[in-house]
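This report concerns only the one structure given below.
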Amino acid sequence: MGSEVIIIPIIFGVIFAIAYLYFSTRNKERLALIEKGTDASIFVRGKRDKAAPVWKIIILNLALLLMGIGAAIFVASILHYSLGVDEEVAYPGSIFLMAGVGLFVGFTMTKKLDQED
């Protein structure tokens, strides 16, 4: 009962600590570059000429992930009912395998999409 009271502040504390370290380190790096007199243009995010839009990449990977999970459930039911594989093994195993295959296919398609544009 008391663990909920402890865990939630710990989660928010970890998120705050990560954000604080990220922004303070970034600020220190930029100040060091300014002190050296070097150009800080590496921190400016300009448009990449040959990059595909982020929304296309996210939708492509999400669609392939969901299709992989759907195909995995179908394959697992075939394994379970036709071949007699245990249900506890067939479903998680095929879901993780097909989701990984879907994400890998999405990665390769994203690389091709970046090269085409």
Exercise: identify the closest heavy-atom pair between [X] and [Y]:
| X | Y | result |
| --- | --- | --- |
| Ala90 | Val85 | CB-CG1, 4.0 Å |
| Glu87 | Pro92 | O-CD, 3.9 Å |
| Asp86 | His80 | C-ND1, 4.0 Å |
| Thr25 | Leu21 | OG1-O, 2.6 Å |

Worksheet item: Hey, is the main chain of Phe74 close enough, under 3.5 Å, to the side chain of Ser77 for a donor-acceptor pair?
Response: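 Side chain of Ser77 to backbone of Phe74: a pair is present.
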Verify the cluster assignment for [X] and [Y]: are they in a single hydrophobic cluster under the rule of side-chain heavy atoms below 4.5 Å apart?
| X | Y | answer |
| --- | --- | --- |
| Leu31 | Phe23 | no |
| Met109 | Val101 | yes |
| Ile95 | Val75 | no |

Worksheet item: Do you know which of Leu60, Val105, Leu64, Ile58 makes side-chain contact (heavy atoms from CB on, under 4.5 Å) with Thr110?
Response: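 Running side-chain contact (heavy atoms from CB on, under 4.5 Å) over Leu60, Val105, Leu64, Ile58 with Thr110 returns exactly one hit, Leu60.
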Working to the nearest 0.5 Å, report the span between [atom1] of [X] and [atom2] of [Y].
| X | Y | atom1 | atom2 | value |
| --- | --- | --- | --- | --- |
| Ile69 | Leu65 | CD1 | CG | 4.0 Å |
| Met67 | Leu62 | CE | CG | 10.5 Å |
| Tyr22 | Asn27 | OH | CG | 11.5 Å |
| Ile7 | Phe12 | CD1 | CZ | 13.0 Å |

Worksheet item: Should Leu103 and Phe107 be marked as a side chain to side chain contact (heavy atoms under 4.5 Å, CB included) after you check the CA-CA gap, both sets of side-chain angles, and the distance that decides it?
Response: CA-CA 6 Å; Leu103 287 174; Phe107 173 73; over 6 Å; no
Discussion item. Does Ile6 form a side chain to side chain contact (heavy atoms under 4.5 Å, CB included) with Ile10? I'd like the steps, not just the answer.
Written reply: CA-CA 6 Å; Ile6 296 171; Ile10 288 175; 3.6 Å; yes
